[in-house]
Amino acid sequence: MTMTASHRHGAVSLALLFFTAQAGARSAVPGLTGRQIAFEEVVANLKVGDPRVRLDALNLLRDSGFLEAAVPVAALLTDPVSDVQALAIDVEVKLFLVDEAYTRAMTKSIVKQSGATLPLLAFAQGPGAVIANPAPAAVLNGLVAAMASPMLHVRYDAAYALGLLAPAAITRGQFREGRAAVGRLMVLIKDPNASVRLAATHVLGRLLGAAMQNPKANAGLLETKAEVGDHIISGMNDPDELIRLSSMGVVGEIRHERAVQSLTDLVGYYKSDKNGMAALDALAHIAHASSNSVFTGLYEGNNEQVRALAVDGIGRTGDAAAMYNLQIRAAKERSDVVKQALAFAKARNGDFSGLASIVEGFRRDDLQARTFDYLVELGAPIAPSLAGYATHQDAKIRAGVIEVLGIIGNQASLAAIEGLISDKDRLVSSAARRSQKRLAVRLPMTTRIS
């Protein structure tokens with residue numbers, strides 16, 4: 001990480017820049033065009049009564065990379081002017097985002113919504129979207145408050161921003177307003193607007209999923225899980241298809257066991273269409289022991305995607321007998337998709353001997369997303385072994401491995417990551433720079449790693 005002398009001491013200067021908003025050009029701070037503006041002066045302008053001055057100050061801070069702006073900007077998350085609120089949310093997201101251009105590029109195939117906002121895109125990116133520095137409590141609390149805004153677009157963006165920034169604090173046991181956040185989201189999940197209901201569904205899953213990673217520190221938040229899960233089950237019958245599919249995903253994410261029977265019925269009814277596949281994926285994530293008979297039966301079918309999900313489910317149950325029987329049946333398996341799932345199932349049960357079979361998925365465009373998800377789910381225990389693939393001769397594998405190490409790795413993983421910042425392949429070097437930002441805490445008053 002580099003830090004220039006001018007960033008270490010004294011007033012920090014920001015170049016006067018111009019930005020383009022969704023609603024048109026954002027003007028510069030009146031009277032200051034063409035000169036440098038001290039950081040402290042820009043922050044002071046956040047408190048000026050004229051909303052145009054507050055907006056201009058936010059514009060200057062958005063791409064500055066100065067995390068010291070996060071707390072002052074948080075005060076505007078409850079600004080009486082909705083345009084100021086909306087821009088403050090956008091600024092907070094941008095300050096903690098690893099790479100906005102990468103986020104926008106990788107979510108093109110995920111988010112089809114025209115004019116999608118940055119909070120939505122960053123949330124859709126999933127693991128690895130944010131830098132190592134956790135968002136301060138003032139930011140998270142401000143976003144919780146902003147979800148009560150009378151303006152739909154503010155509630156919507158605040159929810160997705162919270163879903164992006166809160167999980168890091170939750171896994172550390174540092175989000176005291178977790179129950180208040182769930183309370184606000186439970187109001188939004190009943191909103192007449194389908195987009196708001198969808199946002200609330202997604203974010204509830206992300207927050208509770210994070211809490212489950214550190215249950216001792218989030219006992220209060222997890223006390224809401226049963227009620228939340230039951231409401232999300234009802235979303236599986238929502239008239240909006242995206243909400244139905246997302247609700248299935250979320251009950252899987254939070255492993256809501258009371259959804260098992262409904263999901264099993266949906267698998268039987270929809271078979272292998274997108275509804276049936278979403279229900280099966282949710283069942284495979286809940287991984288309740290009672291589902292093993294369903295998974296075993298589906299493994300005998302011809303659809304390799306269905307069979308792979310069935311294998312995932314058996315692996316996640318941790319049932320030794322089911323795993324033993326599965327491996328006997330899979331002795332002559334020919335599908336690469338299913339063989340990768342088998343390697344994942346073994347790794348979920350502590351056998352990393354098939355890690356190479358998972359990693360090889362980065363070679364194939366159709367397996368890259370699944371490979372990424374498998375490795376991220378396996379998490380920290382595989383990081384030392386995974387680092388060994390960082391020097392693989394295939395650039396796609398190097399890039400994929402480095403991307404994942406930035407999410408599941410620790411400070412010991414930085415050596416492998418930083419060693420590839422100068423890799424001859426642009427995809428690899430870019431992945432290494434992103435992962436460095438995910439693991440290396442940014443020091444006070446420093447610019448972004450370049």
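Keep in mind it's a predicted model, so treat the numbers as computed, not measured.
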Calculate, to the nearest 0.5 Å, the distance between atoms [atom1] and [atom2] belonging to [X] and [Y] respectively.
X    : Y    : atom1 : atom2 : value
Q368 : K396 : CD    : NZ    : 5.5 Å
S247 : D240 : OG    : CG    : 9.5 Å
L355 : L375 : CG    : CG    : 6.5 Å
S195 : I243 : OG    : CD1   : 8.0 Å
R52  : D56  : CZ    : CG    : 8.5 Å
L280 : S272 : CG    : OG    : 10.0 Å

N-O pairing of D312 and R348 below 4.0 Å: no
Hey, is D425 close enough to R398 for a salt bridge, meaning N to O under 4.0 Å? no
Could you pull out all residues at least two apart from [X] that satisfy side chain to side chain donor-acceptor pair (under 3.5 Å)?
X    : answer
Y160 : H202
N410 : none
E227 : none

Closest heavy-atom pair and its distance - [X], [Y]:
X    : Y    : answer
T171 : A210 : CG2-O, 3.6 Å
D157 : P119 : O-CB, 3.6 Å
S357 : A343 : CB-CB, 3.9 Å
G173 : N214 : N-ND2, 4.0 Å
M248 : A278 : SD-CB, 3.7 Å
P51  : V81  : CB-CG2, 4.1 Å

Only counting residues at least two apart or in another chain, list the ones meeting side chain to side chain contact (heavy atoms under 4.5 Å, CB included) with [X].
X    : value
T78  : A145
A200 : L185, L188, I189
H285 : D281, R316, E377
Q125 : Y102, T103, M106, T107, A129, R438

Can a donor-acceptor pair be found, under 3.5 Å and without considering hydrogens, that links the side chain of [X] to the backbone of [Y]?
X    : Y    : value
Q411 : L439 : yes
S435 : A432 : no
S429 : R426 : yes
N303 : V306 : yes
S234 : H231 : yes
S64  : L61  : yes

Would you find more than 12 non-hydrogen atoms of other residues, nucleotides or ligands less than 6.0 Å from R363 atom CZ? yes
For residues [X] and [Y], determine if any side-chain heavy atom of one lies less than 4.5 Å from a side-chain heavy atom of the other.
X    : Y    : result
L378 : L386 : no
E360 : D394 : no
M212 : L222 : yes
L208 : I170 : no
Q340 : R364 : no
L143 : E92  : no
L207 : L162 : yes
V203 : F123 : yes

L76 and side chain to side chain contact (heavy atoms under 4.5 Å, CB included): which single residue from I89, L58, L55 fits? L58
Just grab all the salt bridge (charged side-chain N to carboxylate O under 4.0 Å, His left out) pairs involving [range], residues at least two apart or on different chains.
range            : value
residues 73-89   : R54-D79
residues 251-260 : D230-R258
residues 184-205 : R155-D191, R197-D238

Which residues satisfy the ring pair (Phe, Tyr, Trp, His ring centres under 6.0 Å) test with F344, sequence neighbours excluded? Y374
List the steps and the verdict of side chain to side chain contact (heavy atoms under 4.5 Å, CB included) for L60 and N45. CA-CA 11 Å; L60 287 169; N45 283 341; over 6 Å; no
D273: salt bridge (Lys or Arg N to Asp or Glu O under 4.0 Å) partners, not counting sequence neighbours: none
Using side chain to side chain contact (heavy atoms under 4.5 Å, CB included), reason through V98 and R433 one step at a time and then give a plain yes or no. CA-CA 9 Å; V98 167; R433 284 193 292 271; over 6 Å; no
